[in-house]
Amino acid sequence: MDLFTGQNLLEFTERFKTDKNCKEYLAHLKWEQEFVCLKCKHSKSQIRKDFSRTCNSCSHTETASANTLFHKVKFGLRKAFFICFEMSTTTKSLSASYMGVRFGVTDKTARLFMHKVREAMKSSENHPMDGIVHIDEFVIGGKEVGKVGRSYNSKKKKIVTSIELTDKGKVKRMYALKIDNYSAKELEIIFDKHIDKNAVITTDKWKGYRPLSKDYNITQIESNKGKNFMALHTMIHQVKSWIRTTFSSVSDFNINRYLDEFCYRINRSQSKKNIFNNLIVRMVKADKIYQAKIICS
Ligand SMILES: [Zn+2]
């Protein structure tokens, strides 16, 4: 089976005409290496018409979507595939109400499924940044006052972000996550998850970074109102306006999901050809996630 590549909507529509086409695709990704029965661990199975597998030993049947992020998707796999295609290939902001209108589902249903997709977009944390890295913090929400510096307004969400730059100063990768405050302990979270000990890091002169230079190669320079961190501040501007224009309100609980979505696309802007398939593989490999873990507010 050929994997789907590219961003062409007509080709996509032609390839995935029915739920069955999607089941075949999922089954291929799920079992192309091997089949192992979930009940008895037996490895031989019969392939059914809908691409489910029935274990030859205990007769347990597993569907292609079972135990993936497509598990019991209410509105059919084809719509789910289209939403995945939109979310992976777009450069625009897509809200749940837009998706609802486009695919004929309620806002709530669209929102829930889009959060599952964001779950799949989360970084594996297996490829920490090890080159030229710039780090800074910013806030989301509340009134924008346009002033430079750290905000202590408790209504705003505090975010720390890191970008990795090419030798020419272009953005290669980006990560961002919510922190409770600007202390070294909170700032350290992004270092632990996404920064390699060999990275050559630059931050502004904020004292919260000082204790971290024990373990990391950090140079602190004047921010000069962001002028010394141009690429980073361009990205901060983009992610803020993306969140502001798409989502009327973003809860503390979900903010990291939106940041994950934004960074997932940024980090694959050079491999857009394979981005849809990459996302579907992640949806298949991730454990199914229960609604209770996703819905909040
Ligand atoms: Zn079995």
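Residues take their numbers from the sequence shown, with the count starting at 1. For the numbers below, each heavy atom of this structure counts, side chains included, while hydrogens, waters and symmetry mates do not.
Side-chain contact between Asn267 and Tyr175: present, with at least one pair of heavy atoms (C-beta onward) separated by less than 4.5 Å. Side chains of Phe229 and Ile163 form no contact here, defined as non-hydrogen atoms less than 4.5 Å apart. By the 4.5 Å heavy-atom criterion applied to side chains, Ser123 and His194 are counted as neighbours. The closest side-chain heavy-atom distance from Thr161 to Leu259 is not below 4.5 Å. Counting only heavy atoms from C-beta outward, the side chains of Met1 and Glu32 never approach each other to under 4.5 Å. Counting heavy atoms from C-beta on, the side chains of Glu86 and Arg102 come closer than 4.5 Å. Within the 4.5 Å cutoff, the side chain of Gln238 has heavy atoms near those of the Thr234 side chain. You'll find the side chain of Asn217 stays beyond 4.5 Å of the side chain of Asn198, heavy atoms only.
Here CG of Leu69 is found 13.0 Å from NE2 of His115. Values are rounded to the nearest 0.5 Å. Between the CZ atom in Arg111 and the OG atom in Ser97 there is a gap of 7.0 Å [rounded to 0.5 Å]. Taken to the nearest 0.5 Å, the CE atom of Met230 stands 12.5 Å off from the NE2 atom of His134. Here the straight-line distance linking atom CD1 of Ile132 with atom OG1 of Thr202 works out to 8.5 Å at 0.5 Å rounding. Rounded to the nearest 0.5 Å, atoms CD (Glu261) and CZ (Arg118) are 4.5 Å apart. Within the model, atoms CE of Met283 and CE of Met121 stand 9.0 Å from one another, a figure rounded to the nearest 0.5 Å.
Of the candidates Ile201, Ile195, Asp196, Ile195 is the only one forming a side-chain contact (heavy atoms from CB on, under 4.5 Å) with Met129.
Donor-acceptor pairing under 3.5 Å is lacking for the side chains of Tyr209 and Asp136.
Using modelled atom types, no side-chain atom of Lys74 and backbone atom of Val105 make a donor-acceptor pair closer than 3.5 Å. Checking side-chain atoms of Ser43 against main-chain N and O of Val36 turns up no donor-acceptor pair under 3.5 Å. A distance-only check finds no donor-acceptor pair linking the side chain of Lys205 to the backbone of Ser223 [under 3.5 Å]. Side chain of Arg78 to main chain of Cys22: no donor-acceptor pair is present (N/O by atom type, distance under 3.5 Å, no hydrogens or angles). Between the side chain of Arg282 and the backbone N or O of Lys122, at least one donor-acceptor pair lies under 3.5 Å. A donor-acceptor contact shorter than 3.5 Å links the side chain of His71 to the backbone of Asn67. Under the 3.5 Å distance criterion, the side-chain polar atoms of Asn21 are matched with a main-chain donor or acceptor of Thr18. Within the 3.5 Å criterion, the main-chain N or O of Met87 finds no donor-acceptor partner in the side chain of Thr90. Under a 3.5 Å cut-off, the side chain of Glu186 and the backbone N or O of Asp180 do form a donor-acceptor pair. For the pair Glu137 (side chain) and Ile159 (backbone), a donor-acceptor distance under 3.5 Å is absent.
Taking every heavy atom of both residues into account, Lys156 and Val139 meet most closely at CD-CG2, 3.6 Å. Taking every heavy atom of both residues into account, Met114 and Leu94 meet most closely at CE-O, 3.4 Å. Pairing each heavy atom of Phe4 with each of Tyr25, the nearest pair is N-OH, 2.8 Å. Scanning both residues, Val133 and Ser162, for their nearest heavy atoms gives CG1-CB, 4.2 Å. Annotation for Thr89 and Lys272: closest pair O-NZ, 3.1 Å, computed over non-hydrogen atoms. Ala27 approaches Ala64 most closely through the heavy-atom pair N-CB, 3.8 Å.
Linking Ile, Leu, Val, Met, Phe, Trp and Tyr residues whenever their side-chain heavy atoms come within less than 4.5 Å places Phe191 and Ile189 in a single cluster. Both Leu77 and Leu3 are assigned to one and the same hydrophobic cluster, defined by single-linkage of ILVMFWY side chains at heavy-atom distances under 4.5 Å. Hydrophobic clustering (side-chain heavy atoms under 4.5 Å, transitive across Ile, Leu, Val, Met, Phe, Trp, Tyr) groups Phe12 together with Ile275. In this structure, Leu212 is a member of the same hydrophobic cluster as Trp206, with clusters built from ILVMFWY side-chain heavy atoms closer than 4.5 Å. Cluster annotation: Leu38 is not connected to Phe35 through the hydrophobic network of ILVMFWY side chains, with a link wherever side-chain heavy atoms come within less than 4.5 Å.
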Could you check Tyr264 against Leu279 for side-chain contact (heavy atoms from CB on, under 4.5 Å), going step by step and ending with a plain yes or no? CA-CA 10 Å; Tyr264 175 81; Leu279 179 60; 3.6 Å; yes

Audit row: Tyr258, Ser251, side-chain contact (heavy atoms from CB on, under 4.5 Å) steps and yes/no: CA-CA 10 Å; Tyr258 295 104; Ser251 66; over 6 Å; no

side-chain contact (heavy atoms from CB on, under 4.5 Å) between Cys58 and Cys37, worked out: CA-CA 9 Å; Cys58 76; Cys37 173; 3.7 Å; yes

Passes side-chain contact (heavy atoms from CB on, under 4.5 Å), Glu164 versus Asp130? Steps please. CA-CA 8 Å; Glu164 185 171 13; Asp130 57 5; 3.6 Å; yes

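By the side chain to side chain contact (heavy atoms under 4.5 Å, CB included) test, Arg48 pairs with Asp50, Ser52, Thr54, Thr61, sequence neighbours left out. For the side chain to side chain contact (heavy atoms under 4.5 Å, CB included) test, residues two or more places apart in sequence or in another chain that qualify with Thr5 are Lys273, Asn274.
Taking a cutoff of 4.0 Å between a charged side-chain nitrogen and a carboxylate oxygen, Lys30 and Glu62 qualify as a salt bridge. Between Asp252 and Lys157, at least one side-chain N (NZ, or NE/NH1/NH2) sits under 4.0 Å from a carboxylate O, which counts as a salt bridge.
Summarising the local packing, CD of Glu14 is surrounded by 12 or fewer heavy atoms from other residues, nucleotides or ligands at distances under 6.0 Å. By the 6.0 Å contact criterion, CD on Gln270 is open, its count of non-hydrogen atoms from other residues, nucleotides or ligands being 12 or less. When the shell of 6.0 Å around CG of Asn224 is examined, it contains more than 12 heavy atoms from other residues, nucleotides or ligands.
For Phe103 and Phe75, the ring centers are positioned 6.0 Å apart or more. The aromatic ring centroids of Phe16 and Phe85 lie 6.0 Å or more from each other.
Evaluation of the ring-ring contact (aromatic ring centres under 6.0 Å, His included) test over residues 37-70, restricted to residues two or more places apart or in two chains, returns Phe70-Phe81.
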